[in-house]
Q: 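Below is the structure I would like to discuss, written out as structure tokens.
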Amino acid sequence: MSARPRPLMAALALAAVTSLALGAAPAATADPAPKPAGKDWPHPDLKRTYEATKKYKSEQAAIADGYLRTDECVEDPELGGMGYHYVKPAYVGSTDPTKPAAVLYEEDHKTGKRELVAVEWVVPNTGQPRPTLFNRGFDGPFDFEPVGPHYSLHAWIFKKNPRGVFAPFNPRVHCTPCPEDHPKA
């Protein structure tokens, strides 16, 4: 890890994922939803991703492993949400299926507890060919300060996304309470 202060790295990581909310478009084609662990996955390496990240169902486990907690939730009123991005600066640039740069959480608006919904890879664009993972090109590039040009790829392996496993936004993820969270008496 670089000598940059932790708050600066957290701010850079947050700026990167927040920028995706402004520039990402929904996937052109829907991918099938992942199956529970031990079943068929849309790509065999997603099983490896699931096995490597299922421990982060505990928010504290993610923080203990170096993912930086944020209170900034990403949602687009038309596309849906991404949730809270916890970024591990050491994994920014990774295309290893077992080392996503971010784990994404959604708040349960009844309990206030955050629940793991997805993972994301973020790769700086240094002029290289578009990164690929799971036989799929990353979304982007996006160019936002202070992060600069980068690519990203989401995998909704903990919460079904009707737009597909690799879509950037999930219409079932919300930052603010939904009417179904607080039914009328």
Q: Counting C-beta onward and ignoring hydrogens, is there a side-chain heavy-atom pair between Ser152 and Pro168 closer than 4.5 Å?
A: no

Q: Between Phe142 and His150, how do the two ring planes meet: parallel, tilted or perpendicular, split at 30° and 60°?
A: tilted

Q: Take Gln60 and Ser58, measure what side-chain hydrogen bond (donor to acceptor under 3.5 Å, both in side chains) needs, and give me the verdict at the end.
A: CA-CA 5 Å; Gln60 294 308 312; Ser58 162; over 6 Å; no

Q: Just how far is it from atom CG of Leu116 to atom NZ of Lys159, taken to the nearest 0.5 Å?
A: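 So the CG of Leu116 and the NZ of Lys159 are separated by 11.5 Å.
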
Q: Taking all non-hydrogen atoms of both residues, which atom of Gly93 and which atom of Pro124 are closest, and how far apart?
A: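 Heavy atoms of Gly93 and Pro124 come nearest at CA-CD, 3.8 Å.
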
Q: Return the minimal non-hydrogen interatomic distance between Pro171 and Pro162, and the atom names on each side.
A: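 Looking at all heavy atoms of both residues, the shortest contact is CG-CG, 3.6 Å.
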
Q: May I ask you to decide if Lys160's main-chain N or O and Arg172's side chain share a donor-acceptor pair within less than 3.5 Å?
A: yes

Q: With distance as the sole test, does Trp121 use its side chain to make a donor-acceptor pair with the main-chain N or O of Asp96 at under 3.5 Å?
A: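 Side chain of Trp121 to backbone of Asp96: a pair is present.
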
Q: To the nearest 0.5 Å, how far apart are OH in Tyr84 and CD in Glu59?
A: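 Reported value, rounded in 0.5 Å steps: 10.0 Å.
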
Q: If you round to the nearest 0.5 Å, how far is NZ of Lys113 from OH of Tyr105?
A: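 Tyr105 OH to Lys113 NZ: 10.0 Å, rounded to 0.5 Å.
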
Q: Is it the case that the side chain of Arg163 and the backbone of Leu79 share a donor-acceptor pair, with hydrogens and angles ignored and the cut-off at 3.5 Å?
A: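 Yes, Arg163 side chain to Leu79 backbone: donor-acceptor pair under 3.5 Å.
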
Q: Considering only heavy atoms from C-beta outward, does the side chain of Leu46 approach that of Phe166 to under 4.5 Å?
A: yes

Q: Can you confirm whether Arg114 sits close enough to Arg69 that some side-chain heavy atom of one is under 4.5 Å from a side-chain heavy atom of the other?
A: yes

Q: Look only at the side chain of Thr49 and the backbone of Pro97, and say whether a donor-acceptor pair between them is shorter than 3.5 Å.
A: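 Yes, the answer is positive, given that a donor and an acceptor are paired below the 3.5 Å cut-off.
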
Q: Calculate, to the nearest 0.5 Å, the distance between atoms CD and CZ belonging to Glu106 and Phe158 respectively.
A: 14.0 Å

Q: Do Phe134 and Val165 touch side chain to side chain, with heavy atoms closer than 4.5 Å?
A: no

Q: Do His85 and Leu104 have side-chain heavy atoms sitting under 4.5 Å apart?
A: yes

Q: Answer yes or no: is there a side-chain heavy-atom contact under 4.5 Å between Val117 and Asn170?
A: no

Q: Which atoms form the tightest heavy-atom contact between Val119 and Val103, and what is the distance?
A: CG1-CG1, 4.1 Å

Q: Grab the two heavy atoms, one from Thr126 and one from Gln128, that are nearest each other, plus how far apart they are.
A: N-OE1, 2.6 Å

Q: Do Ser94 and Val122 have side chains that get closer than 4.5 Å, going by heavy atoms?
A: no

Q: What are the two closest heavy atoms between Val74 and Phe169, and how far apart are they?
A: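 Smallest heavy-atom distance, with atoms named: CG1-CE2, 4.4 Å.
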
